[in-house]
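This report refers to the structure that appears directly beneath it.
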Amino acid sequence: GVPLRNQLLGVHAGLELHHIFPKNLLYKAGYSRPEVNSLANFTFLTKATNIEVTNRDPLEYIPKYEELHPGVLAAHWIPMDPELWRIENYLEFLAERRKLLAAAANSFLDELAGGMGPDIEVGPPVIGDRASGIAVDLGEDDESRVVTDCRDWVVERGLAEGVENYELVDEESGEALAIFDLAWPEGVQLELTEPVALLLNEPQEVGQAAAAYGFRFFTTVEALKAYVESEVLEAEAA
């Protein structure tokens, strides 16, 4: 209901990257990690709205927000066809949203080329400054690479190999509760340490599920590595 910018005030007003189709629903439906983390599945929301949406089905929550704030779908370049909000039509949704994002980008560039773009000061002049290169990986999905590298880092230290896209299942009902990016359900030292999980960009409910089932979870790779080095490897050495 408000224009999004990164200077919004308030504890829950900061911008967060949001999966339009929740990761856990897509993984349950059999989609791969690169498909789940496609650029066309991302948009920005305030923290408060991101918490409110959590893992809800797009077919449920998208129409409600459009009814509450007419035009919000167009503002986020989300296709208007309700059939594309269904999990089974996710790949078609991605294809259509890519078209909308490309059209918006081209329109913006055309405005700049024609001198019609907004007059915005983007920063101090860079003439005379030393140029610095930026490494860009156009291959494997970034998050997938981060998870794989973290798993390999743990294995290189003689510890257990984690499970990527680990599905947390209620043992009594068989219900799938959440999917963790990376997990050691029997500990990084098998049956000697507590269950551990890595949760990247996951909603609060996933962390709550992890804690409820005895997992010690970390939301950054750095925090997980610090745990391994200080509480596992040092204890093992002692």
### Query
Between S230 and A226, is there a donor-acceptor pair closer than 3.5 Å when you use the side chain of the first and the backbone of the second?
yes
### Message
Looking at E66 and G71, would you say the former's side chain and the latter's main chain have a donor-acceptor pair under 3.5 Å?
### Response
yes
### Message
Looking at H18, is its backbone amide N or carbonyl O close enough to the side chain of T43 to form a donor-acceptor pair, meaning the two atoms are under 3.5 Å apart?
### Response
no
### Task
Determine the minimum heavy-atom distance between A160 and V154, stating which atoms define it.
O-CG1, 3.6 Å
#### Entry: Any donor-acceptor N or O pair under 3.5 Å, side chains H19, N37
yes
### Message
Whether the side chain of W85 engages the backbone of I62 through a donor-acceptor N/O pair (distance < 3.5 Å, no angle test) should be reported.
### Response
no
### Distance-minimising heavy-atom pair for Y27 and I179
CB-CD1, 3.0 Å
### Query
Nearest 0.5 Å, what's the CG-CZ distance between D152 and R145?
12.5 Å
### Message
Quick check: is M80 connected to I87 through a chain of hydrophobic side chains (ILVMFWY, heavy atoms under 4.5 Å apart)?
### Response
yes
### Query
Could E96 and K99 be called an ion pair, given the rule that one side-chain N must be under 4.0 Å from one carboxylate O?
yes
### Task
Measure the spacing between CG of N41 and CG of L26 and express it to the nearest 0.5 Å.
6.0 Å
### Query
Is there a side-chain contact between E92 and D81 (heavy atoms, below 4.5 Å)?
no
### Query
What is the minimum heavy-atom distance between L101 and A40, and which atoms define it?
CD1-CA, 4.2 Å
### Message
Any carboxylate oxygen within less than 4.0 angstrom of a Lys/Arg side-chain nitrogen, looking at E231 and R216?
### Response
yes
### Message
Please check: side-chain N/O of N24 versus main-chain N/O of A178, any donor-acceptor pairing under 3.5 Å?
### Response
no
### Task
Classify the side-chain pair E164/T148 by whether it contains a donor and acceptor separated by less than 3.5 Å.
yes
### Task
Treating Ile, Leu, Val, Met, Phe, Trp and Tyr as nodes and any side-chain heavy-atom pair under 4.5 angstrom as an edge, say whether V188 and V221 lie in one connected cluster.
yes
### Message
Would you say that K23 contacts E202 through its side chain, given a criterion of any heavy-atom pair below 4.5 Å between the two side chains?
### Response
yes
### Message
For a 4.5 angstrom cut-off between non-hydrogen side-chain atoms, does Y227 reach V232?
### Response
yes
### Message
Using a 3.5 Å distance criterion without hydrogens, assess whether the side chain of T193 forms a donor-acceptor pair with backbone atoms of Q189.
### Response
yes
### Query
Other than L192, what residues sit in its cluster of Ile, Leu, Val, Met, Phe, Trp and Tyr side chains whose heavy atoms are under 4.5 Å apart, directly or through others?
none
### Message
With rounding to the nearest 0.5 angstrom, report the CG to CZ distance, L59 to R86.
### Response
5.0 Å
#### Entry: Counterpart residues, ring-ring contact (aromatic ring centres under 6.0 Å, His included), relative to F21 (two or more places apart)
Y90, F93
### Test item: R157 side-chain N/O and W153 main-chain N/O as donor-acceptor pair under 3.5 Å
yes
### Message
Please determine whether side chain to side chain contact (heavy atoms under 4.5 Å, CB included) holds for the pair V206 and F217, giving the CA-CA distance in whole Å, both sets of side-chain angles, and the decisive distance to 0.1 Å.
### Response
CA-CA 10 Å; V206 176; F217 68 91; over 6 Å; no
### Minimum-distance pair of heavy atoms, taken over all atoms of G162 and L182
C-CD1, 3.8 Å
### Query
Counting only heavy atoms not in E67, do more than 12 fall under 6.0 Å of its CD?
no
### Query
Can D181 and Y166 be counted as having a side-chain donor-acceptor contact under 3.5 angstrom?
no
### Query
Are L73 and Y65 co-members of a hydrophobic cluster defined by side-chain heavy atoms under 4.5 Å apart?
yes
### Summary
Heavy atoms of F180 and A197 approach each other most closely as CD1-CB, 3.7 Å
### Query
Hey, does L94 have a side-chain heavy atom less than 4.5 Å from the side chain of R98?
yes
### Query
Are L168 and F215 side-chain neighbours, meaning at least one heavy-atom pair lies under 4.5 Å?
yes
### Query
Salt bridge check: are E167 and K28 linked by an N-O gap of less than 4.0 Å?
no
### Query
What is the minimum heavy-atom distance between H76 and R97, and which atoms define it?
O-NH2, 2.8 Å
### Query
What distance separates L224 CG from E229 CD, expressed to the nearest 0.5 Å?
10.0 Å
### Summary
Value for CG (L190) from CG (L159), rounded to nearest 0.5 Å, stands at 9.0 Å
### Query
Can V36 be reached from L91 by stepping across I, L, V, M, F, W or Y side chains whose heavy atoms are under 4.5 Å apart?
yes
## Note on the structure
To the nearest 0.5 Å, atom CZ of F218 lies from atom CG of L200 at 12.5 Å
#### Entry: Path from L84 to Y61 over hydrophobic side-chain contacts below 4.5 Å
yes
### Task
Would you please test Y213 and D170 for side chain to side chain contact (heavy atoms under 4.5 Å, CB included) and show each step?
CA-CA 9 Å; Y213 279 77; D170 185 289; 2.9 Å; yes
